[in-house]
Amino acid sequence: MAVSTPERISRDAVQALQAPPGRNRSERAFKMVLLVTTGIAVVMLVVLLLDILVDGVAFVTGQRLLQYSSRFPDQFGFRSGITGTLSLMVLVALLSFPIGVGAATYFEEFAPQNWFTRLAEANISNLAGVPSVVYGLLGAGVFVYFFSLGRSLIVGAITLSLLILPVIIVASRESLRAVPRTLREAGLGLGATPLQVTWRQVLPQALPGILTGTILALSRAIGETAPILVVGALFSRRADNVPWDINDAFSALPIQIYNLVSRPQQEFQAQVAPAGIIILLVLLLLMNSIAIILRNRSSRSN
Amino acid sequence: MTSDVRGAGGPAVDLRAGSRRLGEKLVLTLLWVCAAASILTTVGIVVILFSEAAGFFREEAVSLRGFLTGTTWQPFGGAQGKFGVLPLVAGTLLVTVIALLVAVPLGLTSAAYLSEYASPRTRRILKPVLEVLAGVPTVVLGYFALTFMTPLLRATVGQLTTISVFNAASAGIVMGIMIVPTVASLSEDAMSAVPQALREGAYGLGATKRHVVHSVVMPAALSGIVAAIILALGRAIGETMIVALAAGNLPNLTYNPFEQIQTMTAYIVQAVQGEAPRGSLTYESIFAVGALLFVITLLINIAAARFVRRFREVYS
């Protein structure tokens with residue numbers, strides 16, 4: 001007969017709690033289910049990328065980058081889409097970066113707590129949830145027709161800028177908030193005006209984070225199709241948008257891809273379109289890499 | 001010894017008020033204008049959508065009631081056209097329900113895994129991967145739905161039933177995968193915000209980790225999870241290119257996910273490509289559908305914001 005010491009009893013109790021019959025197995029099964037379902041999304045991303053690579057990589061050639069569009073699948077090039085997308089990128093950056101950072105600075109550093117600030121803040125979070133196609137309707141109704149700017153590059157750029165402005169503002173605010181309060185107080189204590197503190201101390205500290213957020217927002221703008229489709233981007237044009245003639249008609253890579261995919265001809269849908277997708281994804285990958293490098297550098301220096 | 005009391009009776013100095021320099025006032029005004037730009041955007045959206053939609057409802061061929069309750073959408077016949085928006089709403093709902101059936105289970109389990117089980121290293125790898133998934137352009141996902149998911153469905157489920165080349169199911173499934181990160185990210189925030197003491201209390205009562213996750217952490221994070229699902233719902237309703245490419249352009253009042261349908265967003269894309277002249281019935285109908293879409297997503301966003309505020313209040 002075994003002696004029941006207190007140690008022994010407590011050990012048995014712990015063992016009974018830890019491993020009742022069948023419990024370990026269902027614990028492990030539950031964890032496996034979570035892991036597998038988490039993996040599904042990752043697997044789908046890999047399948048998506050592989051599918052596009054397999055479909056299109058053989059059709060990405062130098063002439064696809066340099067030639068204009070064509071009726072013949074083997075002569076089709078994305079030049080007008082690429083130049084249009086690059087032009088949009090520069091114009092959207094020029095428009096949305098100053099306005100977005102200006103607004104973020106105002107909210108984070110200067111805004112009084114009043115109804116206007118609260119309204120503007122609530123408004124920004126609502127704008128972030130407005131479908132992108134609605135921004136297209138805004139661009140078409142206000143800029144194409146009301147301001148008579150036509151279906152031009154600048155209208156596309158304004159529309160995309162308005163679309164990503166909430167994203168830039170939110171990212172910039174987070175970045176500004178991460179700057180230590182003591183830095184501001186030290187600056188004010190030395191007699192600098194609040195604006196001098198913001199410009200010389202706070203903004204330089206927050207800049208890497210702001211740039212990262214802006215580049216990520218830009219890459220979202222570059223991948224958007226619906227808004228510029230609604231304001232009238234062209235599928236093909238035999239001219240470049242570089243340098244940026246802002247009143248010109250314009251094309252863009254996503255528009256070309258959309259048009260190619262919706263064509264009935266198999267060559268366009270299954271060969272030329274995935275080649276265009278690869279070009280677009282490489283462009284986005286480059287932008288995201290820059291953003292990640294910036295983010296890593298800033299997190300190391302902090 | 002006397003201390004300098006100059007200004008002691010004067011007005012309190014407000015550091016935030018800034019200096020009296022003219023240039024600084026100008027810069028502050030400029031910053032204010034930047035902040036106000038977003039309000040102008042909203043005003044612009046509301047004015048343009050509702051003024052064009054008002055023009056639409058003044059036409060003899062349509063009424064607000066007929067628009068909201070009509071079951072036939074034939075917008076390209078001019079004055080003979082039929083403008084009952086229900087088929088478009090039904091198409092949008094069908095795709096959205098499919099998307100949520102995919103995204104909610106996948107997103108919630110991902111969130112539970114990331115928040116409760118994953119090592120910091122796994123989390124560092126998985127979270128950016130999910131971010132990448134959220135960043136894939138929707139036109140690319142549309143291509144994937146049309147050229148990968150549809151053939152896959154036709155080769156499997158297609159043995160049992162006829163599946164149209166354009167169908168709600170493949171668009172909905174791909175859209176669901178797209179919004180997994182939306183569900184996962186906010187739900188994970190909510191689960192991570194559940195205080196450790198709640199988990200330890202449950203362990204103390206003899207609960208296993210599985211019990212803790214689904215009977216303590218998930219219920220405690222419920223308002224955050226609901227907010228995540230509502231936000232995902234809003235994204236699914238507003239999503240355009242996947243449905244425009246893969247779900248078809250046939251306004252169709254159906255529950256069958258394997259038939260061709262048309263969503264509100266897909267109609268907008270189809271109609272703007274038709275070069276409808278400004279002021280025509282078709283042109284105005286685009287804005288009427290856009291206004292309806294805007295109102296629906298606005299209500300959804302307001303609801304989501306309310307739930308987010310609730311979960312922030314509870315645990316912080």
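Owing to the predicted nature of the structure, the values given are computational and were not obtained by experimental measurement.
Heavy atoms closer than 4.5 Å to chain A are found in the side chain of B/Leu126, but not in its backbone. Looking at B/Leu146, the atoms closer than 4.5 Å to chain A (heavy atoms on both sides) all sit in the side chain, from C-beta outward. Contact annotation for B/Val213: only side-chain heavy atoms (C-beta onward) come within less than 4.5 Å of a heavy atom of chain A. Interface residue B/Ile302: backbone and side-chain heavy atoms are both found under 4.5 Å from chain A. Proximity to chain A (any heavy atom under 4.5 Å) is shown, for B/Ala305, by neither the backbone nor the side chain. When heavy atoms are compared at a cutoff of 4.5 Å, B/Ile268 approaches chain A solely by way of its side chain, counted from C-beta outward. In this structure, the portion of B/Gln273 lying under 4.5 Å from any heavy atom of chain A is its side chain and not its backbone. Only the side chain of B/Ile177 comes within contact range of chain A, with heavy atoms under 4.5 Å apart. With a 4.5 angstrom heavy-atom cutoff, B/Val102 does not touch chain A via any of its atoms. Contact of B/Tyr143 with chain A is made through backbone and side chain together, with heavy-atom distances under 4.5 Å.
Rounded to the nearest 0.5 angstrom, B/Thr41 OG1 and A/Tyr135 OH are separated by 6.5 Å. Interatomic distance, B/Leu31 CG to A/Leu195 CG, rounded to the nearest 0.5 Å: 7.0 Å. In this structure, the separation between CG on B/Leu28 and OG1 on A/Thr193 is 9.0 Å, given to the nearest 0.5 Å.
Contact of the B/Tyr113 side chain with the A/Thr37 side chain is not registered, since no non-hydrogen atoms from C-beta on lie closer than 4.5 Å. Annotation: side chain of B/Phe148 is not in contact with side chain of A/Asp55 (no heavy-atom distance under 4.5 Å). Using a 4.5 Å heavy-atom cutoff, the side chains of A/Ile277 and B/Val139 are not in contact. Two residues are said to be in side-chain contact when any heavy atoms from C-beta on lie closer than 4.5 Å; B/Tyr117 and A/Leu35 fail this criterion. At a threshold of 4.5 Å between non-hydrogen side-chain atoms, the residues B/Val129 and A/Leu45 count as touching. A/Asn288 has its side chain out of reach of B/Val132: every pair of non-hydrogen atoms, C-beta onward, lies at least 4.5 Å apart. For the pair A/Val101 and B/Cys34, the minimum side-chain heavy-atom distance is 4.5 Å or more.
Heavy-atom pairs under 4.5 Å with chain B were tallied for A/Leu165, A/Thr117, A/Val130; the largest tally goes to A/Val130. Heavy-atom pairs under 4.5 Å with chain A were tallied for B/Gly238, B/Ser110, B/Gly234; the largest tally goes to B/Ser110. Per-residue heavy-atom pair counts under 4.5 Å with chain A were compared for B/Leu245, B/Val272, B/Thr240, B/Val269, and the maximum is reached by B/Leu245.
Checked by atom type and distance alone, the side chain of A/Asn123 pairs as donor or acceptor with a backbone atom of B/Ser38 at under 3.5 Å.
By the side chain to side chain donor-acceptor pair (under 3.5 Å) test, A/Gln269 is found to be paired with no residue, residues two or more places apart in sequence or in another chain being considered. With sequence neighbours left out, the salt bridge (charged side-chain N to carboxylate O under 4.0 Å, His left out) criterion links A/Lys31 to no other residue.
Contacts with chain B (heavy atom to heavy atom, under 4.5 Å) involve these residues of residues 216-227 of chain A, listed by number: A/Gly223, A/Thr225, A/Ala226. Within residues 291-299 of chain B, the residues having any heavy atom less than 4.5 Å from a heavy atom of chain A are, in residue-number order, B/Leu293, B/Phe294, B/Thr297, B/Leu298.
For the 3.5 Å distance criterion, the side chains of A/Tyr145 and B/Glu52 fail to qualify, holding no donor opposite an acceptor.
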Notebook entry, point to check: Would A/Trp199 and B/Val27 count as a side-chain contact (heavy atoms from CB on, under 4.5 Å) if you check the C-alpha gap in whole Å, the side-chain angles of each, and the deciding distance to 0.1 Å?
Noted result: CA-CA 11 Å; A/Trp199 181 248; B/Val27 173; over 6 Å; no

